[in-house]
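Have a look at the structure below before the remarks.
Every chain is numbered from 1 and lettered A, B, ... according to where its sequence line falls, protein lines coming before strand lines.
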Number of protein chains: 2
Amino acid sequence: MDQMTVEKELHVAVVGATGAVGMQMIKTLEETNFPLTKLTLLSSERSAGKKITYKGKEVVVEVATPEKFEGVDIALFSAGGGVSKELAPEAVKRGAIVVDNTSAFRMDENVPLVVPEVNENDLLHHNGIIANPNCSTIQMVVALEPIRKTFGLSKVIVSTYQAVSGSGVAAISEMKEQTKDIIEGNEFTPQVLPVKGDKKHYQIAFNAIPQIDKFEDNGFTFEEMKMINETKKIMHLPELPVAATCVRLPVETGHSESVYFETTQNGVSAQEVKDLLASAPGVVLEDNPAEQVYPMPIHAVGKKDVFVGRIRKDLDQDNGFHMWVVSDNLLKGAAWNSVQIAGSLLKLGLVAK
Amino acid sequence: MDQMTVEKELHVAVVGATGAVGMQMIKTLEETNFPLTKLTLLSSERSAGKKITYKGKEVVVEVATPEKFEGVDIALFSAGGGVSKELAPEAVKRGAIVVDNTSAFRMDENVPLVVPEVNENDLLHHNGIIANPNCSTIQMVVALEPIRKTFGLSKVIVSTYQAVSGSGVAAISEMKEQTKDIIEGNEFTPQVLPVKGDKKHYQIAFNAIPQIDKFEDNGFTFEEMKMINETKKIMHLPELPVAATCVRLPVETGHSESVYFETTQNGVSAQEVKDLLASAPGVVLEDNPAEQVYPMPIHAVGKKDVFVGRIRKDLDQDNGFHMWVVSDNLLKGAAWNSVQIAGSLLKLGLVAK
């Protein structure tokens with residue numbers, strides 16, 4: 001193996017390689033020329049044996065077992081919380097650093113929850129597992145962090161407009177099939193959305209479902225609580241008032257968010273917020289009402305950035321602002337943020353060689 | 001004419017009879033058994049001559065001209081602001097009371113802006129023209145009014161999820177055709193949405209467009225300013241802080257709204273708000289997270305009520321609450337509210353006989 005002679009060899013594993021996010025992880029590693037020398041693709045028994053092309057070579061997907069993590073430097077997990085809870089500690093035991101894209105460890109106080117544009121240095125205190133935040137949280141904090149840094153942040157209220165791909169490939173298929181059935185006048189029975197494991201399923205085509213993930217006892221959904229708790233943790237603002245309403249739409253990919261926020265500082269203008277976001281890392285400002293320029297999911301698909309527009313000052317609250325934030329939920333919301341974290345680990349010299 | 005012998009004859013005209021709202025007005029007059037003895041259907045020259053069946057009889061649509069309002073008691077207008085500005089004063093001059101479903105007169109201080117569940121008595125001060133509020137405003141104030149009355153209201157922030165039928169029949173066709181084209185892999189060119197008369201047009205199928213109506217200089221759209229200004233006027237709360245972000249979705253009919261509001265009174269519980277709304281006029285409470293019961297556009301279509309659910313107390317703000325409000329934008333949002341106003345005019349003895 002020629003690769004053994006490379007000075008800095010790097011063995012990366014992707015767990016959940018055949019899922020909606022897993023496939024994007026592989027594509028992102030390839031497109032960003034991630035400096036790996038060996039790629040191991042893992043999945044459940046059901047998907048094992050599939051072949052995935054990486055840089056022109058076929059890689060066979062193997063069943064994820066503890067032994068497969070021997071020699072792995074970085075393992076990107078996106079195969080559901082159950083798999084992460086079982087296998088992430090096994091991977092860490094064998095010397096791998098895990099970047100986990102499930103909710104399994106996100107609120108664990110020993111696990112950094114990282115969006116590189118916001119809190120890259122939290123990686124310095126990792127204990128083997130690093131959590132990748134929820135998709136809807138990531139794009140919001142990328143847009144809010146520059147504001148927090150410059151003007152302070154004292155309140156956030158968000159309503160989301162989320163794409164079905166956030167719920168996996170089965171949800172994408174369901175939306176497409178349902179749409180076709182409605183157009184052709186066929187009967188159909190919803191079986192996946194809003195939540196595969198919940199009691200009832202509703203039509204997503206030409207509808208809006210105000211439920212993402214299961215309900216908590218406080219009336220908020222788990223998705224809403226993820227946005228609330230993760231935002232506080234990532235931004236190191238445990239007392240920040242954050243509220244969320246999360247809604248699923250008939251959009252394939254690209255989450256949108258209507259975000260209201262208040263700054264600590266008074267007298268800030270909308271133009272100052274726009275100027276700030278125009279040069280913020282990971283943000284692309286798309287804000288020109290006169291020319292009808294604003295972010296939309298169909299324009300964000302396939303792009304790594306967070307698109308922000310419709311920035312305007314509240315008409316009553318001097319420190320209140322509204323903005324519209326859109327990003328590809330499979331990229332910055334998942335795969336790209338995970339690969340970015342892997343890159344940050346290398347940059348910070350945290351991968352043992 | 002037998003009708004001449006009826007004690008209380010009532011001549012109703014519908015202007016814009018062939019439009020998305022006009023057709024619903026006729027259907028609603030029929031279904032609610034509105035006590036009219038003569039129905040005149042008016043439209044532009046382009047649609048005149050069409051035949052519409054009302055209670056089993058064909059009515060020929062005529063060109064709307066000033067003379068057509070001779071003898072009309074109540075004229076329901078929904079043919080665009082330009083038509084209303086030109087013909088509503090002509091109808092009034094001839095003794096008709098106009099219920100106008102455009103934005104032409106809504107903010108005119110001599111014109112009552114009425115949602116019967118909220119401010120029916122404002123009709124007592126009319127001067128011939130009564131304005132029917134914007135669809136997205138109506139459903140929100142129906143849900144907010146009981147709260148204002150009982151607990152006081154000190155702030156409103158709303159993000160909308162609006163259906164294409166709010167933009168007329170051409171928008172409905174565009175969404176359906178586009179969806180079909182995408183599924184079949186055909187090329188298409190958006191031509192109607194987000195705003196027919198604006199410079200650019202965007203794909204609505206599988207997308208979310210954060211623009212409804214044209215932009216104002218303050219960065220808000222006209223739709224957003226309508227929600228803001230109309231809410232204050234209808235609720236008689238000129239100082240109420242209201243903010244809105246309005247978004248168009250690939251939903252045919254049924255607007256949804258994520259509403260954050262603050263009560264003047266502290267210590268109110270979510271259960272108290274639910275109990276209040278459960279018996280509020282025009283409201284149907286659909287709020288049982290344990291059973292995944294919440295309002296959705298597909299369930300609201302064809303119904304006259306405003307459906308409210310997902311009511312929960314903010315986790316940080318003691319007087320803050322979130323709710324999800326859905327209604328058929330063509331019915332309570334337009335046609336039904338107009339017919340309700342006509343009914344209130346009769347009930348209050350305001351139609352001269």
Side-chain angles (χ1 to χ4, degrees), chain A residues 155 157-159 161 175-176 179-180 183 194-195 198-200 202-203 205-211 215-216 218-221 228 239-243 245 247 249-252 254 256 258 260 270 289-298 309-317 320 322 324 326, chain B residues 155 157-159 161 175-176 179-180 183 194-195 198-200 202-203 205-211 215-216 218-221 228 240-243 245 247 249-252 254 256 258 260 270 287 289-298 309-317 320 322 324 326:
Chain A
K155 194 183 193 74
I157 299 174
V158 57
S159 294
Y161 300 69
M175 182 190 72
K176 287 185 177 172
T179 306
K180 206 158 163 267
I183 285 177
V195 185
D198 215 340
K199 282 180 269 186
K200 293 179 189 166
Y202 298 120
Q203 173 187 327
F206 306 109
N207 196 20
I209 307 180
Q211 182 192 357
F215 281 98
E216 308 267 284
N218 62 3
F220 286 78
T221 61
I228 292 168
E239 306 298 329
L240 180 71
V242 182
T245 299
V247 181
L249 300 186
V251 169
E252 184 170 337
S256 306
S258 169
Y260 170 76
E291 295 299 321
Q292 293 176 265
V293 172
Y294 36 69
M296 289 188 287
I298 53 161
R310 302 261 8 240
I311 297 167
R312 58 214 193 276
K313 194 164 169 127
D314 192 78
L315 300 175
D316 302 289
Q317 185 86 22
H322 305 268
W324 178 251
V326 180
Chain B
K155 195 185 192 70
I157 299 174
V158 57
S159 294
Y161 302 68
M175 181 189 75
K176 288 184 177 172
T179 306
K180 208 161 161 264
I183 285 176
V195 185
D198 215 342
K199 282 180 268 187
K200 294 179 188 165
Y202 298 120
Q203 173 186 328
F206 306 110
N207 196 21
I209 307 180
Q211 182 193 358
F215 281 99
E216 307 267 287
N218 63 2
F220 286 78
T221 59
I228 292 168
L240 180 71
V242 183
T245 299
V247 182
L249 300 185
V251 169
E252 184 171 337
S256 306
S258 170
Y260 170 77
D287 196 331
E291 294 299 322
Q292 294 176 264
V293 173
Y294 36 69
M296 290 188 288
I298 53 161
R310 302 264 4 242
I311 296 166
R312 57 213 195 277
K313 194 164 170 127
D314 192 79
L315 300 173
D316 301 288
Q317 186 85 22
H322 304 269
W324 177 251
V326 180

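- Using modelled atom types and a 3.5 Å distance limit, the side chains of B:R312 and A:T245 yield a donor-acceptor pair.
- The part of B:I183 that comes within reach of chain A is its side chain, from C-beta onward, which places non-hydrogen atoms under 4.5 angstrom from that chain.
- Using a 4.5 Å cut-off between heavy atoms, A:V247 contacts chain B through its side chain alone, with no backbone atom that close.
- For chain B, the option among A:Q292, A:M296, A:Q317 with the highest count of heavy-atom pairs below 4.5 Å is A:Q292.
- Taking B:L240, B:T221, B:I298, B:I311 one by one and counting their heavy-atom pairs under 4.5 Å with chain A, the maximum is reached by B:I298.
- Only the backbone of A:K313 comes within contact range of chain B, judged by heavy atoms closer than 4.5 Å.
- Counting heavy-atom pairs closer than 4.5 Å to chain B, the top residue among A:A243, A:P289, A:S256, A:G219 is A:P289.
- Proximity to chain A involves both the backbone and the side chain of B:I209, based on heavy atoms less than 4.5 angstrom apart.
- Residues passing the side-chain hydrogen bond (donor to acceptor under 3.5 Å, both in side chains) test with B:Y202: none are found, sequence neighbours excluded.
- For a residue to count as touching a neighbouring chain, one of its non-hydrogen atoms must lie under 4.5 Å from one of that chain's; by this rule B:D287 does not touch chain A.
- Remark: B:M175 CE to B:N207 CG distance equals 12.5 Å, nearest 0.5 Å.
- Heavy-atom distances place no part of B:V195 under 4.5 Å from chain A, backbone and side chain included.
- Not counting sequence neighbours, the partners of A:S159 by the side-chain hydrogen bond (donor to acceptor under 3.5 Å, both in side chains) test are B:S258.
- Heavy atoms of A:I228 lying under 4.5 Å from chain B belong exclusively to its side chain.
- Looking at A:P295, only its backbone comes within 4.5 Å of chain B, counting heavy atoms on both sides.
- Between atom CH2 of residue A:W324 and atom OH of residue A:Y161 there is a gap of 5.0 Å, rounded to the nearest 0.5 Å.
- For chain B, no part of A:E216 is nearby; none of its heavy atoms comes within less than 4.5 Å.
- Looking at A:F206, the atoms closer than 4.5 Å to chain B (heavy atoms on both sides) sit in the backbone and in the side chain alike.
- In terms of heavy-atom pairs under 4.5 angstrom with chain A, the leader among B:K176, B:K155, B:E252 is B:K155.
- Looking at A:A270, there are no atoms closer than 4.5 Å to chain B (heavy atoms on both sides), in backbone or side chain.
- For A:I157, the part lying near chain B is the side chain, with the backbone staying farther off; criterion is any non-hydrogen pair under 4.5 Å.
- The greatest number of non-hydrogen atom pairs below 4.5 Å with chain A, out of B:D198, B:V242, B:L249, B:N218, is found for B:D198.
- Comparing A:Q211, A:R310, A:K199, A:H322 by heavy-atom pairs within less than 4.5 Å of chain B, the highest count is held by A:R310.
- For the set B:G254, B:P210, B:G309, the count of heavy-atom pairs under 4.5 angstrom toward chain A peaks at B:P210.
- Ranked by heavy-atom pairs under 4.5 Å with chain B, the list A:D314, A:L315, A:V326 is led by A:L315.
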